[in-house]
Amino acid sequence: MKDKFQGLWPAMLTPVSENGEPAFDQLEKLVELLIGQNLDGLYILGSTGQGVLFMEEQRKKVTEVVSEVTAGRVPVIVQVGSLTTDESIRLAKHAKTCKVDGISSVGPIYFSGNTESALEHYKNIATATDLPFFPYQLGDNSMGDTTAFVKKVMQIPNVTGMKLTTNQLLEISLIHNYAGDKLKLFSGSDELFCHASLCGTVGAIGTFYNLWGVECKLVQNAFTNGDYMLAKEFMLAFQKTIQLVLPNIWPFLRKAMLLKYNIDIGRTKAPLGNTQSKWDEQTVIGIMETLELITAQRSQEIKVS
C-alpha cells in the first residue's frame with residue numbers, strides 16, 4: 001500500500017457516444033492504452049472524466065468496466081463525489097464491490113457551504129467503506145486556514161492523501177510540512193507536475209497524461225534523477241501548450257486522441273464545452289509534434305542503453 005499511490009496517473013477521459021452514454025468500446029481501448037504505457041494508476045470519473053455529469057448507474061457501469069479491464073494491473077481511484085452525500089456514499093460502496101484501490105471526492109457541489117460542511121461531507125463518504133480516501137481540493141475553495149483544515153482532514157478515518165488542483169505551490173508545501181508522510185499528495189495541475197514534486201507531492205493526476213502520458217512520465221523520472229535542463233525545456237513548452245489549447249480544450253483532446261491513438265473520446269456532456277471551436281487537423285499535429293520532439297531524443301537514448 002505504501003508504494004501503490006505514487007507516480008503519474010491520468011485523470012482518465014470518459015469517452016461519450018453520440019447519445020450521451022459512456023462509449024464503453026472506446027473506454028476499454030483507452031484503459032488498455034494507458035496500462036500499456038506503464039503509467040502508474042488511473043483516476044476515473046473526476047473533472048476530466050465528466051463524472052458528475054453522468055447518471056449514477058452510468059458512473060457505476062464505468063467503474064465496473066474499468067475495474068474489469070485493469071484486472072489489478074494498475075491501481076484505480078474512483079472519484080465518487082456528486083451533488084448529494086447520499087449518492088456519493090452509494091458510489092463509494094459500489095466502488096468497494098469493484099475492488100478498486102481507493103476513492104476520492106470533490107467537496108460539496110453547488111450548495112458549497114463552508115469548511116465544516118466540506119469536512120462533514122468527506123467524513124460521511126470516507127467512513128462508508130474502508131478504502132483509502134483522497135479528498136479532491138480544487139484550489140482553496142473549501143480549505144480556509146490550510147493547516148487547520150488539513151489537521152481536521154487527517155482526523156477523518158481512511159484518509160490516505162489528497163489531490164490538490166492548485167497553482168499555489170506554497171499551499172502544497174504547507175500541507176506537506178504539516179502532514180509529512182501521513183498524507184500522500186498528488187498534484188492536480190498538469191502544468192506544475194515537476195514543480196509540485198519539490199513541494200512534497202508523491203505524484204501527479206492530470207488531464208493531459210491521457211495524451212502525453214509517456215512523455216510526461218519520462219520527464220518526471222528524468223527530473224527526479226536530476227535532469228533539470230530537460231524538465232525546464234519540457235515544462236515551459238508544456239505550459240505554453242496548455243495555455244494555447246485551454247480555451248478549446250475538449251475539441252483539441254478529441255482530435256488529438258483520435259489522431260495519435262485512434263480513440264474517439266466523443267463529445268462532451270452539455271453544457272460542458274458547448275461553445276468551444278473545432279481544431280484544424282494540421283494545427284493539432286503541429287502542436288503535438290512540437291512538444292513530443294523535446295522528449296524524442298531522450299526516449300531514443302533510453303532504448304539504446
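The model shown is predicted, which means the values in this text are computed figures rather than measured ones.
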- Message: Among residues at least two apart in sequence or on other chains, which ones pass side chain to side chain donor-acceptor pair (under 3.5 Å) with R267?
- Response: none
- Message: Starting from M229 and following side-chain heavy-atom contacts under 4.5 Å between hydrophobic residues (I, L, V, M, F, W, Y), which residues can be reached?
- Response: Y228
- Tell me, which pairs form a salt bridge (Lys or Arg N to Asp or Glu O under 4.0 Å) where one or both residues lie in residues 107-127, sequence neighbours left out? E116-K152, E120-K123
- Quick one: list whatever passes salt bridge (charged side-chain N to carboxylate O under 4.0 Å, His left out) with K217, sequence neighbours left out. D40
- Note on the structure: The complete set of ring-ring contact (aromatic ring centres under 6.0 Å, His included) pairs with one or both residues in residues 255-299, sequence neighbours excluded, reads F252-W279
- Note on the structure: Residues passing the side chain to side chain donor-acceptor pair (under 3.5 Å) test with S67, sequence neighbours excluded, are none
- Note on the structure: Contacts satisfying ring-ring contact (aromatic ring centres under 6.0 Å, His included) that involve residues 48-95 (not counting sequence neighbours) are none
- Residues that N225 engages under side chain to side chain donor-acceptor pair (under 3.5 Å), provided they are two or more places apart: none
What pairs of donor and acceptor atoms, side-chain ones from residues 197-214 against any protein atom, are under 3.5 angstrom apart with sequence neighbours left out?
from, atom 1, to, atom 2, distance (Å)
S197, OG, C194, O, 2.5
T201, OG1, A196, O, 3.0
T201, OG1, S197, N, 3.2
T207, OG1, T48, OG1, 2.5
N210, OD1, L13, N, 3.2
N210, ND2, A11, O, 3.0
N210, ND2, T207, O, 2.7
W212, NE1, E292, OE2, 2.8

- Item | By side chain to side chain donor-acceptor pair (under 3.5 Å) - contacts of N167 (at least two apart) | S189
- Starting from L258, walk the hydrophobic network (Ile, Leu, Val, Met, Phe, Trp, Tyr; side-chain heavy atoms closer than 4.5 Å) and list everyone else you reach, by chain and number. none
List the atom pairs, with distances to 0.1 Å, where a side-chain N or O of residues 237-250 and a protein N or O form a donor-acceptor pair under 3.5 Å, not counting sequence neighbours.
from, atom 1, to, atom 2, distance (Å)
Q239, NE2, E191, O, 2.9
T241, OG1, A237, O, 2.9
N248, OD1, S277, N, 2.7

